[in-house]
There are 2 protein chains.
Amino acid sequence: MDDGVPDIMDMGAAPKTEPRRGAQAIRRALAVLRILAAGRETGLPLAEVVQATGLTRPTVHRIVHVLIEEGIVERHEKTGRYAIGSQVPELALARPSRSPLLAAADEILKRTSREVGDTLFLTVRTGNDTLCVDRRIGSFPIQVLSIEIGARRPLGVSSAGVAILAAMPAQEARKIVAANEARFVSYRTNAATVLAQIAAARRRGYNLREVGLVPGTKSISTWIKTPDSRPAAAITVSAVRMRLGPRREPELAEILLDAARSIEQKIRSP
Amino acid sequence: MDDGVPDIMDMGAAPKTEPRRGAQAIRRALAVLRILAAGRETGLPLAEVVQATGLTRPTVHRIVHVLIEEGIVERHEKTGRYAIGSQVPELALARPSRSPLLAAADEILKRTSREVGDTLFLTVRTGNDTLCVDRRIGSFPIQVLSIEIGARRPLGVSSAGVAILAAMPAQEARKIVAANEARFVSYRTNAATVLAQIAAARRRGYNLREVGLVPGTKSISTWIKTPDSRPAAAITVSAVRMRLGPRREPELAEILLDAARSIEQKIRSP
DNA sequence: CCGTTTCTGTCCACAATATGGACGATGGGG
DNA sequence: CCCCATCGTCCATATTGTGGACAGAAACGG
């Protein structure tokens, strides 16, 4: 009845069986929560949630305030911004601490980090978002620390997001990009640009971003697939431009591709 | 407009302003989630969720399956039990890692643990539940490890839960006990018993449990209050019966009371 | 100081949505 | 094979959520 995905690694809502309908209110509440999660500790103003979810303001308002009463969302006294509440980590305690992916990646990331000397990021897909779940700082004295663990952005915005999209069937990727279109505006990009980047990454075998969030930086991302060959994560290296010249770029890409393959391996045989 | 609680420490839904109504579906979904959280990794069968929430089976079924589609709940392939899904910890990453309470308690727990030699638990209140958030193993060779971090039970069931209830206004405690009544049956207790224990703890100044979850063990719990003097947590020591004889019991209680006071202090002045 | 803009919060008539009683399916045990 | 326990589904009903329109509050700026 249900889909029978092996599901060794976890990922967002399985996009296989979607047809069940109803429960609109609950779905909307979750959509709001996921948007709020992108706001981290500082949170987001109501209007931004409205814009990102595409819901009407009264609806978002009602949802957010119910969630506050339930302790799932908090409102910052001063700023009036809404953010994920303290009860969410409490619910999360019900699960074992480290996911299989994180466990598998730990050793390999450490090794790779020593090898490259620049900052590495491990980013997973969760629903239509990317989520940074691990970061390793390298030995080179200039490090790009733009992203923190927990950072959450729409798939397609970050280098890792493009890589993950490039690794999935074109049609599925297009669907996700379309779904995220409303949220792209806050990140000063749009669907067409993202689709072009995806195509380029697919051709190249990895994603190369010439201009990172911080000007003067570049990054490379490779994707990691689950045993059923669905992309679930990406490894990214970020460095100042001078560290990613035409000679070093393909070298680094090769190292990241190796690391990705090793992690894929390790997930198959625990 | 909103309640103006200082809220240095976090706790469950603030029981001050409850009147807002509506959003039944969302509230019910959250109730289901909280029950599922008590099931930890192994999860719970549907029937148990029905029993604990007091909702009808079709309703719980629908809610649970929507949450599965959304990745918030998982269903274990073999057992068919429902459990908190992988997306919950992902949402939790949006928050800073350690709560003020945990930070304040860390040092003091370490010291106290060395002093007593038996297992210590730090348990918070979250809504109508208790949640074990820290555990320190002592040096004595026999340790009671009945409870793990993340364990979640209705307020009133555990020693810590009784302590927390004893520290709040009698009327509020009664209300919570009543709300949890349906869930007590699974833990082989009932409202009358719990209320008696609360009264005894209130008289004594701390809670003493003669028979713990594991036969042959005893435990003592003291409560921790927030600056606005609402109970938010409890410290518990659990030990085999011989370690908690009539001489040592009051000594230990005094040590725990000290520790609780120290933590309260530290929260006030960070 | 007082328009003006941009937020957030509230109301309420309407209908889409969630609800739960009843029935059906599944599967393990005796 | 039948029984009992558990899970899943249907569908008529009215309860619940919805969003357009309005109102208040705070930031802006001339």
Side-chain angles (χ1 to χ4, degrees), chain A residues 1-4 16-33 35-36 39 42-70 72-83 85 182 185-186, chain B residues 1-4 14 16-33 35-36 39 42-70 72-83 182 185-186:
Chain A
M1 218 123 287
D2 227 0
D3 63 325
K16 294 217 165 156
T17 12
E18 296 236 11
R20 189 186 295 264
R21 30 172 292 168
Q24 163 194 94
I26 296 174
R27 270 185 229 279
R28 286 178 167 186
L30 292 173
V32 167
L33 264 189
I35 295 301
L36 287 179
T42 50
L44 298 173
L46 189 64
E48 217 158 306
V49 183
V50 170
Q51 136 76 21
T53 55
L55 301 171
T56 64
R57 217 186 42 262
T59 299
V60 173
H61 181 264
R62 186 167 10 88
I63 290 173
V64 155
H65 279 261
V66 173
L67 293 176
I68 287 176
E69 275 179 34
E70 296 286 336
I72 301 294
V73 164
E74 277 171 14
R75 182 160 203 206
H76 289 139
E77 204 67 36
K78 300 254 149 175
T79 60
R81 287 166 163 249
Y82 300 95
V185 296
S186 332
Chain B
M1 221 121 285
D2 226 359
D3 63 328
K16 294 219 164 154
T17 13
E18 297 236 13
R20 187 186 297 263
R21 29 171 295 166
Q24 164 195 93
I26 296 173
R27 272 185 228 277
R28 287 178 166 186
L30 292 173
V32 167
L33 262 188
I35 296 300
L36 287 180
T42 50
L44 299 172
L46 190 64
E48 217 157 306
V49 183
V50 170
Q51 136 76 22
T53 55
L55 301 172
T56 64
R57 214 182 45 260
T59 299
V60 174
H61 182 264
R62 185 166 14 87
I63 289 173
V64 155
H65 280 261
V66 172
L67 293 176
I68 286 176
E69 276 178 35
E70 296 285 337
I72 301 294
V73 164
E74 276 171 16
R75 179 157 205 209
H76 289 137
E77 203 67 35
K78 299 253 150 178
T79 60
R81 284 163 164 254
Y82 299 94
V185 296
S186 332

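Because the structure is a prediction, the values reported are computed rather than measured. Just so it is clear: chains get the letters A, B, ... in the order the sequence lines come, proteins before strands, and each one is counted from 1.
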[Y] side chain reached by [X] side chain, heavy atoms, under 4.5 Å:
X       : Y        : answer
A/Gln51 : A/Val185 : yes
A/Val32 : A/Leu55  : yes
B/Val73 : B/Ile63  : no
A/His61 : A/Leu46  : yes

Rounded to whole angstrom units, what separation is found between the [atom1] atom of [X] and the [atom2] atom of [N]?
X       : N      : atom1 : atom2 : value
B/Ile63 : C/dT17 : CD1   : C1'   : 13 Å
A/His65 : C/dG9  : NE2   : C1'   : 7 Å
A/Gln24 : C/dT17 : CD    : P     : 5 Å
B/Leu46 : C/dT26 : CG    : P     : 17 Å
A/Ile68 : C/dG9  : CD1   : P     : 8 Å
B/Arg27 : C/dA18 : CZ    : P     : 16 Å
A/Leu67 : D/dG17 : CG    : P     : 12 Å
B/Glu69 : D/dG8  : CD    : P     : 13 Å

May I ask you to verify if any side-chain N or O of A/His61 is less than 4.0 angstrom from the OP1 or OP2 atom of C/dG9?
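Yes, such a contact exists.
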From C/dA18, C/dG20, D/dG19, nucleotide with atom closest to B/Thr59 side chain:
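Nearest to the side-chain atoms of B/Thr59, counting from C-beta on, is C/dG20.
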On DNA chain C, compare the nucleotides closest to A/Glu48 and A/Ile26; which residue's is nearer the 5' end?
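Its nearest nucleotide being more 5', the pick is A/Glu48.
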Which residue lies more 5' along DNA chain C, comparing A/Tyr82 with A/Arg28 via nearest heavy atoms:
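On the 5' side of the pair lies A/Tyr82.
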Hey, is B/Arg27 close enough to A/Glu69 for a salt bridge, meaning N to O under 4.0 Å?
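A salt bridge is present here (some side-chain N lies under 4.0 Å from a carboxylate O).
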Going from CG on B/Leu36 to CD on B/Glu74, what distance comes out if it is rounded to the nearest 0.5 angstrom?
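The CG atom of B/Leu36 sits 11.0 Å away from the CD atom of B/Glu74.
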Hey, does the side-chain of A/Arg57 have a donor or acceptor N/O within less than 3.5 Å of a partner on the base of D/dG19?
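Absent.
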Tabulated below should be each protein N or O lying under 3.5 Å from an N or O of nucleotides 11-15 of chain C; please produce it.
none

Residue that, paired with B/Arg28, satisfies side chain to side chain contact (heavy atoms under 4.5 Å, CB included) out of B/Thr53, B/Leu33, B/Thr59:
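Single side chain to side chain contact (heavy atoms under 4.5 Å, CB included) partner of B/Arg28 among B/Thr53, B/Leu33, B/Thr59: B/Thr59.
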